[in-house]
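First the structure, in the form of structure tokens, and then the observations on it.
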Number of protein chains: 2
Amino acid sequence: MARPTHREFFAVRTVSQALAGFRPQRRTSVEMVALERAHRRVPATAVRAPHDLPGFARSTVDGFAVRAADTYGASEGLPSYLEITGAVAMGRPPEIAVEAGTAASIPTGAAIPDGADAVVMVEYTQEAMPGTIEVVRPVAPGDGLVRGDEDASAGAELLPAGRPLRAQDLGLLAATGLTEVGVRARPRVAIVSTGDEVVPPSTPEPAFGQVRDATAVALAALVCDAGGEPDVRGIVPDDYDALDHALREAVGSCDVIVVSAGSSVGSRDETAAVVAGLGRPGIWTHGIAVRPGKPTLLADCDGVPVIGLPGNPRSALVVFRLIGMPIVRLVGGATHPVQEPGVRARLDRDVPSSAGRLDVVQVVLRGGVASPLFGASALLTVLTRADGYIIVDEDATGLPSGSDVDVTLYR
Amino acid sequence: MARPTHREFFAVRTVSQALAGFRPQRRTSVEMVALERAHRRVPATAVRAPHDLPGFARSTVDGFAVRAADTYGASEGLPSYLEITGAVAMGRPPEIAVEAGTAASIPTGAAIPDGADAVVMVEYTQEAMPGTIEVVRPVAPGDGLVRGDEDASAGAELLPAGRPLRAQDLGLLAATGLTEVGVRARPRVAIVSTGDEVVPPSTPEPAFGQVRDATAVALAALVCDAGGEPDVRGIVPDDYDALDHALREAVGSCDVIVVSAGSSVGSRDETAAVVAGLGRPGIWTHGIAVRPGKPTLLADCDGVPVIGLPGNPRSALVVFRLIGMPIVRLVGGATHPVQEPGVRARLDRDVPSSAGRLDVVQVVLRGGVASPLFGASALLTVLTRADGYIIVDEDATGLPSGSDVDVTLYR
């Protein structure tokens, strides 16, 4: 394939421009999955209740099902006397009805018998004589029970579309008998490494000048966190035809493509040239005002978002968290805001920055104090030593020591 | 088996007493796992660097490897002139050495050739004539490169024991060629449901008075979040012998046992009686000062922690988050504090509470305002509608409307 001879130049975009402006339309298809495998999966449409829940009025206390009117005015000094006409068993239809002047013993969770409209807690009763109880506190209709449609009524929205399923959501689906749920397929994310210096992590003794691929396995973990399914495609040489071939294959079989470009300008230009020829409309930006991570490329190639990451692992991971993970989530149908753990802390050093550029600064946290970790962006241990990071916005020109900052914490 | 005839009474403990005082000694064994499957797994011991990283001095810029001394005093007006004697290729040992008065072109990430001690960025050079560059800015030794041991030196601690592996940690392990890592096995957590009213979620039409098991699938998801492997063992009738049999089986094959007791007092007493006879030292507490969730049981049965949860799903999930997940993490060797997402918000209603009891109050968040969700603890939709929860500590007697509160957010 002929290499495009033109070199394209693109305006550098800010991170917020990228997040707001680069919004791929692609969405994965819908599939049914069993509840046991649905944790954190994303419902494609809102889930509605197929019937009332719990479906019958249930006692919420251990006690006696009564007619509330029979207890009005009851007190320690002047209790109401009720005849016990039976007992409700757990998990069975009540065999008796409660009539005026009578009560049925009932455990927490059992079905309210016909005729009863409240449950008196056992603590507010005593056995006056065998077969008769004294009620020493009045109850109102509805006390001590939940109605048959109190948890949800038939047709009500149980769970919204686009919010990854949480533990309690699975519980609610189980309670309604929905043992499968329609969710977006996990976006398949191709992870392509390039760079003539890069060798597989399993290489026992890299030659002098070679480095093991640190980025792919870390990106795969972040893809999983974003709800995607990583497809690690190995290392492609810094060669136009080889990279073109690898990316064309990925476009045909994946929902998102991530390329960790080589680290040198030449290698990055090569990646950009390949991506530019890959499909329409092509490159959206080749440069984001973020540090580390400026030489990031975003493209839409025939509907497949392509994310070109900087060559060094640390920059690649910082940018993928910031810009790549939201793209994977979007393609996977997740529209709910993502919650990351964070904490407020006090900076113990000045952090320099330039206006117009967003800086991601790794920090160590000790007792409410955030200490920035500096060092060349080639150093991976800056990331592994960090407890979290702070963001210095585009409009700030650094943060002085002593500032209160929001630290996003790694989990 | 004979049912113990004594009923034991236990003091109610606070949540912090439970977290500090009930600390099972059990730890899972160590296993080697491939990096690709090691995300969030817990290293059993600290991981140390087997060799220097990156292993050789590397350029961090595109430019020219030089002797720094050759550039001292260089400026736009008075550049240093250096003879280009070669080029370093990516991923290969440099074929040339840099001598006084010479330079070698070098891309970002390539190995620094012998003789050079700095790299001048290409931006600060220009070609004076073929084979010669002008350097217009001085560099100091070490500029434009990382040393061979700058990321880590052989023997240095790369990752601490007990901190679940993060994406960047996997990247660092890959970079050092450690493609397997020794981690604690995932704790195997038996999930046993009891209750005569409880039927499997797949039951198409529960009989009147029956409810589907909402708790087990939700607990399984929380067990996964805590790094455990759920072993859902189905529904056991509220019967001493059946429950005794089920729990004895679980003690023999699991690291932690979770029982969602039936909802009535009788059913909870039955569970407690079975657990009391299951192993030594036995029940640690049967009652925690938390709402919802008071009838929680904690026991150590021959080294296996047993967590008896309240019968209703909502209370069970609240307590399991608070007390069960930390136990699963502990058994799985995770000692690093867990970070949950949170946000500060303003309460829009009074929240009543009693001193001496910790209250977990579900809230909906809208624009910085937290609205408490009230309702019987039997209602599961209170949990599914919630964005997060607030905790009213034991020493507080409620929170007034308008208070600033910390909301822990569900992910």
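Treat the numbers as computed from the prediction; the structure is a model and nothing was measured. Chain letters run A, B, ... following the sequence lines, proteins first, then strands; residues in each count from 1.
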Q: Indicate yes or no: does A:Asp196 engage B:Arg92 in a salt bridge with an N to O separation below 4.0 Å.
A: no
Q) Just by distance, with hydrogens left out, do B:Ser153 and B:Asp52 show a side-chain donor and acceptor under 3.5 Å apart? A) no
(Q) Tell me which of these, B:Arg385, B:Gln210, B:Met90, B:Arg166, has more heavy-atom pairs under 4.5 Å with chain A than the rest. (A) B:Arg166
**Q.** Toward chain B, the part of A:Thr408 with a non-hydrogen atom under 4.5 Å
**A.** neither
Q: Select, from B:Thr215, B:Leu172, B:Leu317, the one with the greatest count of heavy-atom pairs under 4.5 Å involving chain A.
A: B:Leu172
Q | Lys/Arg N to Asp/Glu carboxylate O, A:Asp387 vs A:Arg366, below 4.0 Å | A | yes
Q.
Out of B:Leu379, B:Leu53, B:Leu35, return the one with the most heavy atom pairs under 4.5 angstrom to chain A.
A. B:Leu379
Q.
Quick check for you: among A:Glu205, A:Gln168, A:Arg344, which has the greatest number of heavy-atom pairs under 4.5 Å with chain B?
A. A:Gln168
What side-chain donor-acceptor pairs closer than 3.5 Å can you find for residues 217-226 of chain B, not counting sequence neighbours?
from: B:Asp225; atom 1: OD1; to: A:Arg40; atom 2: NH2; distance (Å): 3.1
from: B:Asp225; atom 1: OD2; to: A:Arg40; atom 2: NH2; distance (Å): 2.7

**Q.** Structural part of A:Arg314 lying under 4.5 Å from a heavy atom of chain B
**A.** neither
Q.
Report which part of A:Glu340 has an atom under 4.5 Å of a heavy atom belonging to chain B: side chain, backbone, both, or neither.
A. backbone
**Q.** A:Thr179 portion near chain B, given a 4.5 angstrom heavy-atom threshold
**A.** side chain
Q. Looking at A:Phe56 and A:Gly109, what are the two nearest heavy atoms and their distance?
A. CE1-O, 4.3 Å
Q | For B:Asp213, the option from B:Ser260, B:Ser193, B:Ser202 that meets side-chain hydrogen bond (donor to acceptor under 3.5 Å, both in side chains) | A | B:Ser193
**Q.** Donor + acceptor pair across side chains of A:Asp151, B:Thr381 (<3.5 Å)
**A.** yes
**Q.** Short side-chain to backbone donor-acceptor contact, A:Glu150 and A:Arg147, under 3.5 Å
**A.** yes
(Q) Looking at chain B, which one of A:Gly311, A:Ala167, A:Pro94, A:Pro54 has the largest number of heavy-atom pairs inside 4.5 Å, strictly under? (A) A:Ala167
Q. Using a cut-off of under 4.5 Å for heavy-atom pairs, which of A:Arg321, A:Glu197, A:Arg163 has the most such pairs with chain B?
A. A:Glu197
Q: Quick one: which of A:Glu36, A:His51, A:His336, A:His39 has the most heavy-atom pairs under 4.5 Å with chain B, could you say?
A: A:His39
Q: Just give me the residue among B:Pro164, B:Ala376, B:Gly171 that pairs up with chain A most often, heavy atom to heavy atom, under 4.5 Å.
A: B:Gly171
Q: Considering non-hydrogen atoms only, spot the tightest contact between A:Ala216 and A:Val232 and give its length.
A: CB-CG1, 4.1 Å
**Q.** Interface residue of largest heavy-atom contact number with chain A, from B:Val122, B:Thr384, B:Leu170, B:Leu383, under 4.5 Å
**A.** B:Thr384
Q: Select, from B:Ser59, B:Ala175, B:Ala38, B:Pro107, the one with the greatest count of heavy-atom pairs under 4.5 Å involving chain A.
A: B:Ala175
**Q.** Heavy-atom contact with chain B under 4.5 Å, split by part of A:Ala386
**A.** backbone
**Q.** Side chains of A:Pro206 and A:Val211 in contact at under 4.5 Å (non-hydrogen atoms)
**A.** no
